[in-house]
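Taking it in order: structure first as structure tokens, then the write-up.
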Amino acid sequence: MIVRDRLIQEFMELVQVDSETGNERQIADVLKEKFSALGLTAIEDNSMERTGHGAGNLFVTWAADSGSAAPKLLFTCHMDTVVPGKSIKPSLGEDGWITSDGTTILGSDDKAGLAALFEAIRVIQEQNIPHGQIQFVITAGEESGLLGARAMDASHLDAEMGFALDSNGEVGAIAVAAPTQARITMQIFGKSAHAGVNPEDGISAIQVASKAISAMKLGRIDKETTANIGKFAGGGPTNVVCDHVQLDAEARSIVQEKVELQIASMREALETTVREYGAECEFRSEIIYPAFSFNENDPVVQLAGRAISSLGLTTRLFPSGGGSDANVFNGLKVPTVNLAIGYEHIHTTKERIKADDIVKAAELVVAIVKESVKA
């Protein structure tokens with residue numbers, strides 16, 4: 001039922017629309033036009049006023065067939081890409097892989113998902129496939145820390161379960177768990193002094209910070225939890241004892257209580273070290289998105305599994321180590337899993353995807369809609 005050439009041509013068209021994160025206006029307008037051509041109306045929320053990005057999130061609600069009792073479904077992708085994502089030149093090789101020319105990313109993250117959604121809509125319309133209410137939410141700013149989803153106007157949401165098309169892995173794989181993330185900022189305030197004349201009168205914020213970091217458990221904490229110092233900033237002339245350092249860090253865990261314990265542990269290491277040296281500190285942490293976790297018995301997983309099986313594909317459940325918009329939708333009480341769509345080496349100029357996998361992703365969307373009606 002999928003029209004392969006139409007689908008691949010649309011994917012090629014989409015990746016050539018510049019849409020680096022923060023500059024989504026052009027792609028948002030293109031997507032609005034495409035939905036309109038399919039007889040659907042895209043509503044843009046006002047999240048750009050809070051994010052400062054080029055566009056808000058798009059909400060498209062496709063009414064159910066008359067009398068349908070199928071659950072209200074949500075499909076979501078993001079419209080932005082990472083850099084370098086300007087003037088992308090895609091090509092399809094004889095081996096079936098689609099790549100850029102090597103000077104930019106490809107943008108299959110997440111325009112393969114977008115192309116799959118548009119083709120699925122066309123097929124459902126052309127084949128008169130029965131369906132319940134389907135909502136499409138296309139977010140801005142996903143590549144900027146899920147900024148668009150986190151700022152979305154949730155009053156537009158109307159769904160009982162959701163499917164993000166935004167994971168690496170073979171089509172058929174389902175990310176059923178993903179961690180919460182805490183953003184952490186630590187400030188260490190020492191005391192300046194002349195490093196050659198009277199260093200004993202100073203308190204080196206660099207030394208204090210180093211000791212504090214060495215007292216923290218970082219990296220892989222356990223199978224569900226990680227922590228990392230991403231930035232160490234401070235210092236000045238070598239003849240002055242440094243009096244200020246800032247550390248930017250994060251902690252993640254699939255289990256909310258574990259990330260809170262990790263944050264507390266990092267705070268304790270910092271504050272204990274600061275007291276030993278007579279320095280001062282500030283510690284700030286913010287949970288920027290929640291964790292989620294499902295198993296094979298949850299309805300959203302069972303629906304995706306039935307659809308995958310109907311296509312003759314193998315279902316594989318796995319936990320993701322990173323966050324996605326699915327985290328945000330789960331936090332908004334819409335049970336959402338993240339579906340693998342086959343892209344590889346994302347966020348690099350070696351990014352690639354098989355044309356066959358874009359076809360499979362579109363087939364999977366159609367199959368989920370079919371199976372939801374059967375349920």
Side-chain angles (χ1 to χ4, degrees), residues 2 4 7-8 11 14-15 73-79 81-82 96-99 105-120 136-139 142-143 146 149 161-179 254 291-296 298-330 335-348 350-372:
I2 301 299
R4 180 189 177 90
L7 170 57
I8 301 307
F11 171 72
L14 286 170
V15 298
L73 302 183
L74 177 147
F75 291 96
T76 183
C77 300
H78 61 89
M79 67 180 78
T81 70
V82 296
W97 287 98
I98 303 173
T99 62
I105 60 162
L106 173 62
S108 58
D109 175 17
D110 192 22
K111 291 176 181 176
L114 290 172
L117 287 184
F118 284 124
E119 180 63 17
F136 305 98
V137 181
I138 314 301
T139 62
E142 193 272 351
E143 300 291 8
L146 318 185
M161 63 179 69
F163 304 90
L165 277 70
D166 189 24
S167 179
N168 63 310
E170 294 183 3
V171 178
I174 310 170
V176 294
I254 291 174
F292 71 88
S293 182
F294 298 102
N295 61 47
E296 65 276 7
D298 287 301
V300 66
V301 178
Q302 290 187 338
L303 176 54
R306 291 197 304 273
I308 291 166
S309 296
S310 75
L311 298 174
L313 302 174
T314 300
T315 302
R316 180 176 69 88
L317 310 185
F318 71 99
S320 173
S324 71
D325 285 339
N327 291 70
V328 178
F329 287 105
N330 279 292
T336 302
V337 294
N338 200 353
L339 304 177
I341 58 174
Y343 50 50
E344 296 183 1
H345 309 307
I346 59 169
H347 297 190
T348 76
K350 295 181 180 179
E351 181 184 356
R352 64 179 189 169
I353 190 169
K354 286 183 178 178
D356 286 347
D357 282 336
I358 305 178
V359 173
K360 290 177 185 177
E363 290 175 336
L364 180 53
V365 174
V366 175
I368 288 172
V369 171
K370 285 183 172 181
E371 291 297 324
S372 72

Quiz item: Taking all atoms of both residues into account, what is the closest heavy-atom pair of Pro179 and Gly321, and its distance?
Solution: CG-O, 3.4 Å
Quiz item: Heavy atoms, side chains only, cut-off 4.5 Å: are Asp109 and Thr81 in contact?
Solution: no
Quiz item: What are the two closest non-hydrogen atoms of Ile174 and Ala304, and how far apart are they?
Solution: CD1-CB, 3.7 Å
Self-check item: Polar side-chain atom of Ser309 near backbone of Arg306 as donor-acceptor pair, under 3.5 Å
Solution: no
Quiz item: Ile105 and His347: which non-hydrogen atoms are nearest, and at how many Å?
Solution: CG2-C, 4.2 Å
Self-check item: Separation of Leu317 CG from Glu296 CD (nearest 0.5 Å)
Solution: 6.5 Å
Practice problem: To the nearest 0.5 angstrom, please state how far the CG atom of Leu117 sits from the SG atom of Cys77. | Solution: 4.0 Å
Quiz prompt | Side chain Tyr343, main chain Arg352, donor-acceptor under 3.5 Å | solution = no
Quiz item: Is there side-chain contact between Val15 and Ile98, with at least one heavy-atom pair below 4.5 Å?
Solution: no
Quiz prompt | Min side-chain heavy-atom separation Ser310-Lys370 under 4.5 Å | solution = no
Quiz item: At their closest point, which heavy atom of Glu142 faces which heavy atom of Gly323, and how far apart are they?
Solution: OE2-O, 4.5 Å
Quiz item: Does Lys360 reach the main-chain N or O of Val171 with its side chain, forming a donor-acceptor pair under 3.5 Å?
Solution: no
Quiz prompt | Chi angles and distances behind the side-chain contact (heavy atoms from CB on, under 4.5 Å) call for Ile138, His78 | solution = CA-CA 5 Å; Ile138 314 301; His78 61 89; 6.0 Å; no
Exercise. Could you tell me whether the side chain of Leu106 reaches within less than 4.5 Å of the side chain of Phe11, counting heavy atoms only?
Key: yes
Self-check item: Ile308 side, atom CD1; Thr315 side, atom OG1 - distance, nearest 0.5 Å
Solution: 4.0 Å
Exercise. Scan side-chain atoms only and decide if Thr76 and Asp325 contain a donor-acceptor pair under the 3.5 Å cut-off.
Key: no
Quiz item: Has Glu170 got more than 12 heavy atoms of other residues, nucleotides or ligands less than 6.0 Å from its CD?
Solution: no
Quiz item: Looking at Phe329, Phe294, Phe75, Phe136, which one forms a ring-ring contact (aromatic ring centres under 6.0 Å, His included) with Phe163?
Solution: Phe75
Quiz item: How about Arg4 and Ile358: do any of their side-chain heavy atoms sit closer than 4.5 Å?
Solution: no
Quiz item: What's the shortest heavy-atom distance between Leu7 and Ile2, and which atoms?
Solution: CD2-CG2, 3.9 Å
Practice problem: Return yes if a side-chain donor-acceptor contact under 3.5 Å exists between His345 and Asn168, otherwise no. | Solution: no
Quiz item: What is the distance from atom CE of Met79 to atom OG1 of Thr139, rounded to the nearest 0.5 Å?
Solution: 6.5 Å
Exercise. Output yes when a side-chain donor or acceptor of Asp166 lies under 3.5 Å from a complementary backbone atom of Asp110, and no otherwise.
Key: no
Quiz item: What are the two closest non-hydrogen atoms of Val300 and Gly162, and how far apart are they?
Solution: CG2-O, 3.6 Å
Practice problem: Could you grab the distance from atom CG of Leu165 to atom CG of Leu339, nearest 0.5 Å is fine? | Solution: 5.5 Å
Quiz prompt | Student check: side-chain heavy atoms of Ile254 and Pro319 closer than 4.5 Å | solution = yes
Self-check item: Close side-chain approach of Leu364 and Leu313, heavy atoms under 4.5 Å
Solution: no
Self-check item: Lys350 NZ to Glu344 CD distance, which is reported to the nearest 0.5 Å
Solution: 12.5 Å
Quiz item: Does some side-chain heavy atom of Asp298 sit less than 4.5 Å from a side-chain heavy atom of Val176?
Solution: no
